[in-house]
Amino acid sequence: MIEIQHNFINGEWSRADQTSENRNPANPEDLVGVYARGGKADVDAAVAAARTAQPAWGSASPQIRSDVLRRVGDRLLDRVEEMGRLLAREEGKTLAEARGEALRAAQLFHFYSGEALRNPGEKLPSLRDGVEAEVTREPLGVVGLITPWNFPIAIPAWKTAPALAAGNAVVLKPADLTPSCAHLLAQVLEAAGCPPGVFNLVMGRGSEIGAALTGHPDVAAISFTGSERVGRGIALDCARGMKKVQLEMGGKNPMVVTAKADLDLAVAACLNGAFFSTGQRCTASSRLIVEAPVHDAFVEKLTAAMTALRIGDPLDAATQIGPVVSESQLAGNLDYVRLAGDEGCEVIGGQRLNRPGTFQSPALFLGAANDMRVAREEIFGPCAAVIKAADFEEAVAVANDTQFGLSSGICTGSLREATEFRRRSKAGMVMVNLPTAGVDYHVPFGGRGASSLGGREQGRMAMDFYTSVKTAYTYAG
Ligand code: NAD
């Protein structure tokens, strides 16, 4: 009999009426676990617990919050190997990537352990004689965190840690496909002495419990990462309820390869950016915009490198690309592969592999034009459109011609081109001679346009979202 993993509400493991099985996408026989599938009543209980616990947590000495977050980071560090394996089994990224993500979660808690102590304000002379103006930051209250499946430990960590550091209480709703890592995070928070009700976990379907959280009158703010479609609905819910909202959504990230690029470096950056983590990254390089003089040589080298990638079980150390996360995601990817052919691209790769699990070969769509659907819509799989550009000017224009604006990149040996691109790119993050995916945790993360709304995540700037500014004027007489 497999043990059911419960929700975590008010410091207790709380049974839900229904459960969901979590299976390994590389091996459907492998049951990762059975997890609670909460309903509206569970969300209500979690929000009530958070509301009760928040005032004491928010007004406690910052040393207490800092200590809890440091202990969470320490315990996560101790469990990196275990968490990495769990993550690889439930999401399908390679063990190396999964270990890296688990380590990142620990680092994030350590970073925000420090931020809990900082909480900077400002004191300024008022414009009126004898008056002082003081600007401080206060917690928001109860915040709802809604996370996707593709970074099942890093994203819960990069939302939970700053939210708690700022003195908020949290209700986390992880993706229904990947509850295990969030469950492990709840175990660690409990073991680290996080007071009951300060952190709550409600697992379940977004369609069933999402609205209960985003529409709850006692939730002050929602931080969401996921698809643009769901994000738009959440923005409307939050506007109706006058809640603060932060949305991190999709991307269609361009990588420009100019005639002055080191082609081997460009191929390595595009291979990583487009296909690693099975292309399931919001920052994936999904549009490769290549200047005409180097287009054919680049395509030849990238095709050779792509077809040599080792696809297989994420737990096998030799594997470079694991499975697609689910049957429905794979079906969507294969639809886009067909569409690329229908739209007139030459398609290389993009087949389902004849083995158990949801595996596909990575795909290149050659001869793509930027107005094709395969160049405009986020696919979220190991598929990249290759667009030929006449020159640097055209490449920059194509790169910026997208509704998204998360990450962008350029491979070039020219300082002038790199500087121009950094200045003119309309994305929130710009990479030079690096893949569009892969970021540091101590600097802001986020985009523009349909990719992001409502303030940056990560780094010190994340604290802006989780706090409310107060301006106080004092006349001492
Ligand atoms: P998704 O939008 O389907 O789900 C995200 C979360 O929202 C899940 O927890 C889901 O259960 C929940 N949800 C679903 N319907 C809801 C509703 N009506 N109300 C409230 N919550 C609801 O996204 P996904 O498939 O889990 O993740 C993939 C997407 O996430 C991609 O578009 C990817 O680009 C994006 N993403 C963005 C970033 C970023 O930082 N910009 C990072 C990772 C992933």
Side-chain angles (χ1 to χ4, degrees), residues 20 25 35 37-38 40 43 90-91 93 101 104 144-159 171-179 181-182 201-216 219 222-238 240-241 243 245-253 277-286 324-326 328-330 332-333 377-381 402-407 427-429 436-439 441 444-459 462 465:
S20 295
Y35 289 84
R37 199 172 117 199
K40 182 176 178 306
V43 171
E90 80 167 345
E91 198 268 354
K93 63 183 63 174
E101 187 181 333
R104 178 58 56 97
L145 310 179
I146 302 177
T147 56
W149 49 262
N150 68 324
F151 284 97
I153 189 64
I155 295 181
W158 83 50
K159 292 185 191 297
V171 178
L172 169 65
K173 195 219 88 61
D176 23 340
L177 275 176
T178 53
C181 289
L201 172 74
V202 183
M203 299 172 285
R205 302 221 162 126
S207 54
E208 290 169 9
I209 58 175
L213 193 56
T214 57
H216 200 295
V219 173
I222 295 285
S223 177
F224 164 85
T225 300
S227 62
E228 188 207 342
R229 184 187 62 76
V230 173
R232 278 181 193 272
I234 288 178
L236 293 173
D237 279 356
C238 289
R240 270 191 289 273
K243 289 185 195 343
V245 65
Q246 176 178 56
L247 307 174
E248 282 299 339
M249 299 169 286
K252 195 72 189 177
N253 309 291
S277 298
T278 323
Q280 298 173 152
R281 294 188 284 192
C282 50
T283 47
S285 316
S286 46
V324 174
V325 74
S326 65
S328 71
Q329 184 68 39
L330 176 57
N333 295 352
E377 298 171 15
E378 183 185 49
I379 300 173
F380 217 56
T402 169
Q403 61 160 331
F404 297 107
L406 187 56
S407 180
M429 296 177 288
T436 54
V439 297
Y441 62 85
F445 177 99
R448 302 177 183 176
S451 291
S452 302
L453 187 80
R456 291 291 187 255
E457 301 207 86
Q458 305 197 55
F465 178 74

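Counting starts at 1 for both ligands and their atoms, following the listed order. FYI, side chains are in, hydrogens and waters are out, and symmetry mates aren't considered; it's all heavy atoms of this structure. None of these values were measured; they are calculated from a predicted model.
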With respect to [atom], which of [options] exhibits the smallest heavy-atom separation?
atom	options	result
atom 26 (O) of ligand 1	Phe380, Trp158, Trp149, Phe404	Trp149
atom 32 (O) of ligand 1	Glu378, Glu208, Glu457	Glu378
atom 2 (O) of ligand 1	Ser227, Gly447, Gly250, Gly332	Ser227
atom 35 (C) of ligand 1	Gly226, Pro148, Gly215	Gly226
atom 18 (N) of ligand 1	Pro152, Gly206, Ala212	Gly206

Show the atoms of ligand 1 that are less than 4.0 angstrom away from any heavy atom in [X].
X	result
Phe445	39 (C), 40 (O)
Leu406	41 (N)
Asp176	11 (O)
Asn150	43 (C), 44 (C)
Phe224	2 (O), 5 (C), 6 (C), 7 (O)
Gly210	19 (N), 20 (C), 21 (N)
Ile155	42 (C), 43 (C)
Thr225	5 (C), 36 (N), 37 (C), 38 (C), 39 (C), 40 (O), 42 (C), 43 (C), 44 (C)

Among all the protein's non-hydrogen atoms, which is closest to [atom], and how far away is it?
atom	value
atom 12 (C) of ligand 1	Ile146 CG2, 3.6 Å
atom 8 (C) of ligand 1	Thr147 O, 3.3 Å
atom 16 (C) of ligand 1	Val230 CG1, 3.5 Å
atom 39 (C) of ligand 1	Cys282 SG, 3.2 Å
atom 11 (O) of ligand 1	Lys173 NZ, 2.9 Å

Counting C-beta onward and ignoring hydrogens, is there a side-chain heavy-atom pair between [X] and [Y] closer than 4.5 Å?
X	Y	value
Ser326	Leu177	yes
Leu406	Met429	yes
Glu248	Glu457	yes
Arg37	Asp176	no

Using modelled atom types only, decide if a donor and an acceptor are shared between the side chain of [X] and the backbone of [Y] within a distance under 3.5 Å.
X	Y	result
Ser451	Met249	no
Arg205	Gly38	no
Lys243	Val219	yes
Glu91	Thr178	no

Measuring from [X]:[atom1] to [Y]:[atom2], what's the distance to the nearest 0.5 Å?
X	Y	atom1	atom2	result
Phe224	Leu145	CZ	CG	12.5 Å
Glu228	Leu453	CD	CG	11.0 Å
Gln329	Ile379	CD	CD1	10.0 Å
Trp149	Ile155	CH2	CD1	10.5 Å

What is the ring orientation for Phe151 with Trp158, classed by angle as parallel under 30°, tilted 30 to 60°, or perpendicular over 60°?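 Ring orientation of Phe151 relative to Trp158: tilted.
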Yes or no: does [X] have any heavy atom under 4.0 Å from an atom of ligand 1?
X	result
Pro174	yes
Gly233	no
Leu213	no

For a side chain to side chain contact (heavy atoms under 4.5 Å, CB included) with Ile146, tell me which candidate from Val171, Thr225, Thr214 qualifies.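 For Ile146, the side chain to side chain contact (heavy atoms under 4.5 Å, CB included) test succeeds with only one of Val171, Thr225, Thr214, which is Thr214.
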Would you check the N or O atoms of Ser451, main chain and side chain alike, for any that come under 3.5 Å of an N or O of ligand 1?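 No, since none of the N or O atoms of Ser451 sits under 3.5 Å from an N or O of ligand 1.
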Ligand 1 N/O within reach of Met249 N/O, cut-off under 3.5 Å: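 Yes, Met249 has an N/O under 3.5 Å of an N/O on ligand 1.
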Are any of the protein's heavy atoms under 4.0 angstrom from atom 4 (O) of ligand 1, yes or no?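 No, there is none.
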Side chain, backbone, both or neither: the part of Ile234 lying under 4.0 Å from ligand 1 by heavy atom: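 Side chain only.
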Applying side-chain hydrogen bond (donor to acceptor under 3.5 Å, both in side chains), run through Ser223 and Lys159 and close with a yes or a no. CA-CA 7 Å; Ser223 177; Lys159 292 185 191 297; 2.9 Å; yes
